[in-house]
Amino acid sequence: GSTAGQLDMMDSLAEALPKTAIFVACAIFILLFAAFGSIALPFKAILMNLLSIGSSFGAIVWGFQDGHLAKLLNFTPTGTVDANTMILILAVVFGLSMDYEVFLLSRIREEWDRTHDNRAAVAMGLQQTGGIITSAAVLLIVVVAAFSTAEISVVKLLGVGLLVAVVVDATLVRSLLVPATMRFLGAANWWLPKPLASLHSMIDLREVHDIAVPGDDRPGDKRPEDEVPERTLPAPRPQTAPEQTLPDGRTAAEKAAVTLGAPQALEVRAARAVSAQAPRRALTRAGGGYSWDGRKERRKGGSPGTKREIVANPEGPGWRWVDVEDEHAH
């Protein structure tokens, strides 16, 4: 009958639960050891999770087995609780609690690697993850609180158990007990014997940040492996080649200034600036054209005998002709 079935189920749970708990504890210990390089933190995480589970089971016994929540949640107390539901709550609460633990310890370990100051690492990790843990807890509370409004008592029990566990874990455990315990342990949080240190170096699962944050000058940030060299512009190449002289006696830059338009004149200006050794040459109007040191170039306009120069245009890109006597620009 049902009594014999219930006794068989309890015997089965009692036989399988210790094996399951040992397997889960070992798996969690190995993963946390690989992620954070510590043997104290995995033990502490498992013990803290038991606090959350214990608070949840205590609330369930007080509210459902003893019947203190019967009027509020509208159910009839039977003096017992469903064993299968308790196992489900145990698994879910343990997973959620470990999730929050990994959030917090990840940031604390990151700051420890940067500063090697346990007190500062715990404070910074708590500051950076407080908002994330609280937001995640609020979302879960909204969801599991809806279970308490169901018409089935088992679902009500599941909702209350998860609600209490999440609230206790996100407030009392993660915000007070975990930081206080790590502050008390100090550098012992990160102690590893040499054999385990060698093992951890082979299976290290810590996060690696390769992106440097500009302006982040907190102490301990300047590790050699994290330093990023500053970007510098390449040095200008030395301009040692002599300017080419055209058959008419002008340099290439001088001819370009006369014949090319505004876009090319920018390159001409750079070429003239590089060629500082070249003497400044002047144009002289002779007859119907211009003359470079007595050599004529045909060009229309202008009056004979007026000395002209080519200079950079101060009002914009390009070059312009300047009358030496009156500085009149054309």
Side-chain angles (χ1 to χ4, degrees), residues 17-57 87-137 140 162 165-166 168-209 220 223:
L17 185 59
K19 299 177 183 179
T20 304
I22 293 174
F23 173 78
V24 172
C26 292
I28 292 297
F29 182 90
I30 294 173
L31 288 175
L32 292 183
F33 167 76
F36 305 120
S38 170
I39 57 176
L41 294 183
F43 280 120
K44 179 192 64 63
I46 293 173
L47 292 177
M48 293 297 173
N49 286 354
L50 292 179
L51 292 177
S52 300
I53 295 172
S55 64
S56 175
F57 284 4
I87 296 299
L88 178 60
I89 292 176
L90 171 65
V92 174
V93 170
F94 195 87
L96 290 176
S97 300
M98 193 58 64
D99 195 24
Y100 295 152
E101 182 83 11
V102 170
F103 284 166
L104 179 59
L105 293 183
S106 295
R107 298 286 75 79
I108 294 177
R109 177 68 201 202
E110 180 183 350
E111 292 301 321
W112 168 258
D113 289 338
R114 295 160 68 96
T115 63
H116 287 280
D117 184 345
N118 183 75
R119 182 177 181 180
V122 173
M124 186 63 66
L126 185 63
Q127 176 185 356
Q128 292 180 348
T129 60
I132 298 175
I133 293 176
T134 302
S135 300
L140 285 172
L162 293 179
V166 171
V168 171
D169 189 75
T171 56
L172 180 64
V173 175
R174 303 303 157 203
S175 300
L176 179 62
L177 295 181
V178 170
T181 304
M182 296 189 68
R183 175 68 182 90
F184 175 76
L185 293 176
N189 289 310
W190 320 106
W191 175 80
L192 273 181
K194 288 185 179 181
L196 291 180
S198 301
L199 176 62
H200 178 259
S201 63
M202 297 180 349
I203 60 173
D204 194 352
L205 298 180
R206 283 179 295 173
E207 295 179 359
V208 178
H209 299 275
R223 295 188 303 168

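Residue numbers run from 1 in the order of the sequence given.
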For Gly130 and Thr134 the tightest heavy-atom approach is O-OG1, 2.8 Å
So side chain to side chain donor-acceptor pair (under 3.5 Å) across residues 23-35, not counting sequence neighbours, yields none
d(Lys44 NZ, Leu47 CG) to nearest 0.5 Å is 9.0 Å
Is there a side-chain contact between Leu51 and Val168, using heavy atoms and a 4.5 Å cut-off? no
ask   = Is Met48 close to Thr181 at the side-chain level, that is, under 4.5 Å between some pair of heavy atoms?
value = yes
In this structure, OG1 of Thr129 is separated from CD1 of Ile108 (nearest 0.5 Å) by 6.5 Å
Here the pair of heavy atoms bringing Asp169 nearest to Val173 is O-CB, 3.6 Å
The complete set of ring-ring contact (aromatic ring centres under 6.0 Å, His included) pairs with one or both residues in residues 170-191, sequence neighbours excluded, reads Trp112-Trp190
The reported gap from OG in Ser97 to CG in Leu50 (rounded to nearest 0.5 angstrom) is 9.5 Å
NE2 of His116 to CD of Glu111, rounded to nearest 0.5 Å, is 11.5 Å
Side chains of residues 29-42: which donor-acceptor partners sit under 3.5 Å, not counting sequence neighbours?
from	atom 1	to	atom 2	distance (Å)
Ser38	OG	Ala40	N	3.1
Ser38	OG	Leu41	N	3.2
Ser38	OG	Asn189	O	2.3

For Ala170 and Ser175 the tightest heavy-atom approach is O-OG, 3.2 Å
So CZ of Arg107 and CE of Met124: to nearest 0.5 Å the spacing works out to 12.0 Å
When every non-hydrogen atom of Leu162 is compared with those of Ser56, the smallest separation belongs to N-OG, 4.4 Å
To the nearest 0.5 Å, atom CZ of Arg183 lies from atom CG of Asn118 at 7.0 Å
